[in-house]
Amino acid sequence: MRPRVLHLLTIALVARTAGAIMPVTLLVSLAQPYGYGIAAVVNGVYIALLAFVAPLRGRLLDRIGQRRAIVPMAATAIAFTVLTAVSVGAQWAWGWTLTTVVVAGLTSPPLNAALRTSWRTVVDGEEGPLKTVHSADSVLEEMGFVIAPLLAGLSLTALSPDRAYQLSVAVYVVVVTAYLLALRRYNLGERVTPSPPPETVGTRQRVHRWMGPLAEPRMLLILSPLLLMGCIFGGGAIFIPAFTQHLGSFTWTGPLLAMISVGGVVGGIAYGALRWDADLWRKYKVLTLGFAIPSCFLVAVRPLWLLALLLLLSGLFVTPIFINAFLLVDREIPEDSRNEANTWVSASTNLSNAAITIVVGTYVTGGRWTAALGVLSGCAAVGLVVALLTRVRSATAPARAQHDTVSSAD
């Protein structure tokens, strides 16, 4: 890989890891003086803001360009994140901490979307290297879900909770600054000239203006498997600890929660190395079926080892689905909407995650374990049917192929 690719991948890994550690250490830091109730409110607001506001931040990048948007966003987010760390260390009233968290969350720059939108520029538009970079990027992101909890636990063991949070904030500040320098060094984030508006008038044209990439039918098809995965992620995160505690097998909690991520890392590495000559849409369909089929059998689970096996099998397809989602966004969505479209890839998963968590949590509270698993299997069945019924061909493949032929001739 080119040095600039490795440089940006390193920034991405450290940024995501620090971003995942901060909520954990913030939660524990606030729980010391205020209790877990208040800590959960502050932490929940922070995570919800990151999920719900991400598409709007992505749209801002599309409208005015990465550089013009990210620099002031990063400066504001850094200032209020540091202020949050100060408030935690000084034990200000939790309302002030909540205020700084809200502002930091609202202004947090969408680095993930910015990086993924920039990969085509970094590899000079070459399709082979683009897949490789997206694969490496997605595998590293999945690895972050394994590394971050371990580092959070280590820092909380070695340091006081407030010091652990302040350390994660310091790393976050450094890595965001590093991305700003890379943005300038590699000449990324040039503003894209808006594509011509669709040849529609009236209501339809207004829909395109306000909904951005969501007005594209192909974007909705890209998001459908991600919504399914969010359901399994969110439901599993609630069901697993509750069920293992019910069985008196709490030691299974960590391994079970890690199964999807372990599968994601293995599947992502295998997919990145696989030579599979097929259209992206066909791949996306097959990968969705691969994720959905094991999940359909969750309702029949009784022994924990079988639950672990099903989660691992589904997890093998998680990272490849994300890789294809980002490649499809890069190919199917107009360039002036790609930052926002990339934020929707993660936001859609988070939204369905939050929704299904409430439903499964209701069943788990009443000890209705089979019903809770039935909800997850039902979601998988719906995803399976949608994948089977979906028929789509790329509208841009011929143009892309012609472009690549011309480039090769040059």
Can you name the nearest heavy-atom pair linking Ser135 to Ile323, along with the distance?
-> CA-CD1, 3.4 Å

Hey, is CZ on Phe233 packed in by over 12 heavy atoms from elsewhere, all under 6.0 Å?
-> yes

Just by modelled atom types, is the Phe291 backbone N or O under 3.5 Å from a matching donor or acceptor in the Ser314 side chain?
-> yes

Residue pair Thr107 / Thr76, side-chain donor-acceptor N/O under 3.5 Å | no

Any side-chain heavy-atom pair of Leu221 and Trp281 under 4.5 Å | yes

For the residue pair Leu106 and Arg57, what are the closest heavy atoms and their distance?
-> O-CD, 3.5 Å

Check for a donor-acceptor pair, side chain of Ser108 on one end and backbone N or O of Ala104 on the other, with a separation under 3.5 Å.
-> no

Around Tyr179, counting heavy atoms of other residues, nucleotides and ligands shown, do more than 12 lie under 6.0 Å from its OH?
-> yes

Could you list the residues that satisfy side chain to side chain contact (heavy atoms under 4.5 Å, CB included) with Leu313, not counting sequence neighbours?
-> Pro294, Leu309, Leu316

Could you tell me whether a side-chain N or O of Asn324 sits under 3.5 Å from a main-chain N or O of Pro320, the two making a donor and an acceptor?
-> yes

Leu328 side chain reached by Arg218 side chain, heavy atoms, under 4.5 Å = no

Give the minimum heavy-atom separation between Pro110 and Thr343, together with the two atoms involved.
-> CB-CG2, 4.2 Å

Taking all heavy atoms of Ala182 and all of Leu8, pick out the closest pair and write down the distance.
-> CB-CD2, 3.9 Å

Can any side-chain N or O of Lys283 pair as donor or acceptor with the backbone N or O of Trp276 at less than 3.5 Å?
-> yes

Test item: Thr319 side-chain N/O and Gly268 main-chain N/O as donor-acceptor pair under 3.5 Å = no

Search all heavy atoms of Leu140 against all heavy atoms of Leu13 and return the closest pair with its distance.
-> O-CD1, 3.6 Å

Does Gly230 offer a backbone N or O that forms a donor-acceptor pair with the side chain of Thr349 under 3.5 Å?
-> no

Give a yes or no answer on whether the side chain of Ser346 reaches the backbone of Asn342 with a donor-acceptor pair at less than 3.5 Å.
-> no

Would you check, one step at a time, whether the test salt bridge (Lys or Arg N to Asp or Glu O under 4.0 Å) holds for Arg16 with Asp137?
-> CA-CA 11 Å; Arg16 291 162 183 160; Asp137 192 14; 2.6 Å; yes

Apply ring-ring contact (aromatic ring centres under 6.0 Å, His included) to Phe239 and list each qualifying residue two or more places apart in sequence or on a separate chain.
-> Phe243, Trp369

Distance-only, no hydrogens or angles: does the Ser29 side chain make a donor-acceptor pair with backbone N or O of Tyr165 under 3.5 Å?
-> no

Side-chain donor-acceptor pair under 3.5 Å between Ser87 and Thr97, yes or no?
-> yes

Cationic N near anionic O, under 4.0 Å, Lys285 to Asp279 | no

In this structure, are over 12 heavy atoms from other groups packed under 6.0 Å from Met73 atom CE?
-> yes

